[in-house]
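Chain identifiers are assigned alphabetically (A, B, ...) following the order of the sequence lines, protein sequences preceding nucleic acid strands; residue numbering begins at 1 within each chain.
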Amino acid sequence: MKSEPDVYSIDDLIADGRTHWDGVRNYQARNNMMKMAVGDEVLYYHSRQTPPAVVGRAKVVREFYPDFTQFDEESSYFDARSSEENPRWQMVDVEFVEKFDSEISLTEIKEQKPLADMVLVNNSRLSVQPVSKKEFDWILQMSQSQS
DNA sequence: GCCAACGTTGGC
DNA sequence: GCCAACGTTGGC
């Protein structure tokens, strides 16, 4: 899961303990969230920083339910085409697990041959994307060997 | 801050 | 249902 650190960083997640992942307004990203189950592990990625990087881990603690910001006219995430009866957008709740001692930059990830097929490497625009177990474990390993 | 890549919208 | 125009994301 990607977040712009200016908007909601992993330190914000540490402070909150857990949070609802509101504001996803892309169908592919939404569909990926709808596949998540309680207990699923999440890599936490900071986009739009230099360099962009995986900065830690979280886990899913509540499966998808309607994103309330879509009904809030005050919110920038408001969607007039959505209704409570027929919501377009969903969110999940995630809980903080770990902040890596050293960030795993996108540059380093791109250097790893076993990670060549990661969605992160091939479709940089998707904000919620699937990670295979192999990829997940590989990145976790990288974070442990760097610290 | 720029701009390529991608997603969405809407006219036809 | 195609595709041009537009808006957004995110790496650089």
Side-chain angles (χ1 to χ4, degrees), chain A residues 1-16 18-36 40-60 63-143 145-147:
Chain A
M1 295 177 111
K2 296 189 199 173
S3 188
E4 293 182 37
D6 294 347
V7 178
Y8 196 87
S9 72
I10 193 157
D11 291 325
D12 294 319
L13 182 62
I14 289 172
D16 292 343
R18 62 184 272 174
T19 193
H20 44 258
W21 208 260
D22 61 299
V24 171
R25 294 295 180 270
N26 169 285
Y27 290 107
Q28 230 184 316
R30 181 204 66 181
N31 293 345
N32 288 333
M33 273 201 303
M34 291 173 77
K35 290 178 198 156
M36 290 176 165
D40 282 357
E41 295 199 273
V42 171
L43 291 174
Y44 202 101
Y45 181 83
H46 281 176
S47 62
R48 293 197 66 107
Q49 66 172 19
T50 18
V54 177
V55 294
R57 285 189 286 155
K59 70 176 179 186
V60 177
E63 73 169 24
F64 75 90
Y65 60 105
D67 178 342
F68 57 82
T69 61
Q70 71 195 304
F71 310 127
D72 178 5
E73 290 188 42
E74 306 286 295
S75 170
S76 56
Y77 295 128
F78 176 69
D79 187 342
R81 297 161 302 184
S82 200
S83 66
E84 309 240 6
E85 301 74 42
N86 192 15
R88 281 188 176 211
W89 306 112
Q90 307 286 333
M91 61 186 179
V92 298
D93 288 359
V94 299
E95 184 179 84
F96 173 74
V97 174
E98 182 195 4
K99 180 179 179 179
F100 294 157
D101 291 331
S102 57
E103 304 188 347
I104 309 299
S105 73
L106 180 60
T107 321
E108 293 171 84
I109 288 170
K110 284 178 172 171
E111 286 166 0
Q112 303 289 318
K113 287 218 172 63
L115 301 181
D117 291 334
M118 272 194 88
V119 179
L120 186 66
V121 173
N122 297 294
N123 178 2
S124 66
R125 301 214 23 204
L126 191 58
S127 67
V128 180
Q129 44 182 256
V131 178
S132 73
K133 181 157 195 333
K134 186 186 88 174
E135 293 160 354
F136 189 95
D137 290 345
W138 192 276
I139 287 183
L140 203 53
Q141 185 70 46
M142 287 171 76
S143 80
S145 62
Q146 284 185 11
S147 53

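Not one side-chain nitrogen or oxygen of A:K2 sits closer than 4.0 Å to the OP1 or OP2 atom of C:dT8. In this structure, A:Y45 reaches the C:dG11 phosphate: one of its side-chain N or O atoms is under 4.0 Å from OP1 or OP2.
Distance CG (A:N26) to C1' (B:dT9): 15 Å, rounded to an integer number of Å. Residue A:N31 contributes atom CG, which lies 13 Å from atom P of B:dG7 at whole-angstrom precision. In this structure, CG of A:D79 is placed 15 Å from C1' of B:dG7, rounded to the nearest angstrom. At whole-Å resolution of the value, CZ in A:R25 and C1' in C:dT8 are 14 Å apart. Whole-Å rounding puts the A:L126 CG to C:dT8 P distance at 18 Å. The OH-C1' distance, from A:Y27 to B:dG7, rounds to 11 Å in whole Å. Atom CD of A:E4 and atom P of B:dG1 are 14 Å apart (whole Å). When the P atom of B:dC6 is taken as reference, atom CZ of A:R125 falls 8 Å away, rounded to whole Å.
Judged by distance alone, the side chain of A:K110 and the main-chain N or O of A:V121 form no donor-acceptor pair under 3.5 Å. Listed for the A:N122 side chain is a donor-acceptor partner under 3.5 Å among the backbone atoms of A:A116.
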- Task: Go through the steps to decide whether A:D67 and A:T69 satisfy the test side-chain hydrogen bond (donor to acceptor under 3.5 Å, both in side chains), and finish with yes or no.
- Result: CA-CA 6 Å; A:D67 178 342; A:T69 61; 2.6 Å; yes
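Residue pairs meeting the ring pair (Phe, Tyr, Trp, His ring centres under 6.0 Å) criterion with at least one partner in residues 85-117 of chain A, sequence neighbours excluded, are A:Y27-A:W89.
Contacts of A:Q28 with the nucleic acid, taken as non-hydrogen atoms under 4.0 Å apart, involve only primed sugar atoms and P, OP1 or OP2.
Side-chain proximity of A:L106 to B:dG7, B:dT9, C:dG11: nearest is C:dG11. Taking only side-chain atoms of A:S124, from C-beta outward, the nucleotide of B:dC6, C:dG11, B:dG7 with the closest atom is C:dG11.
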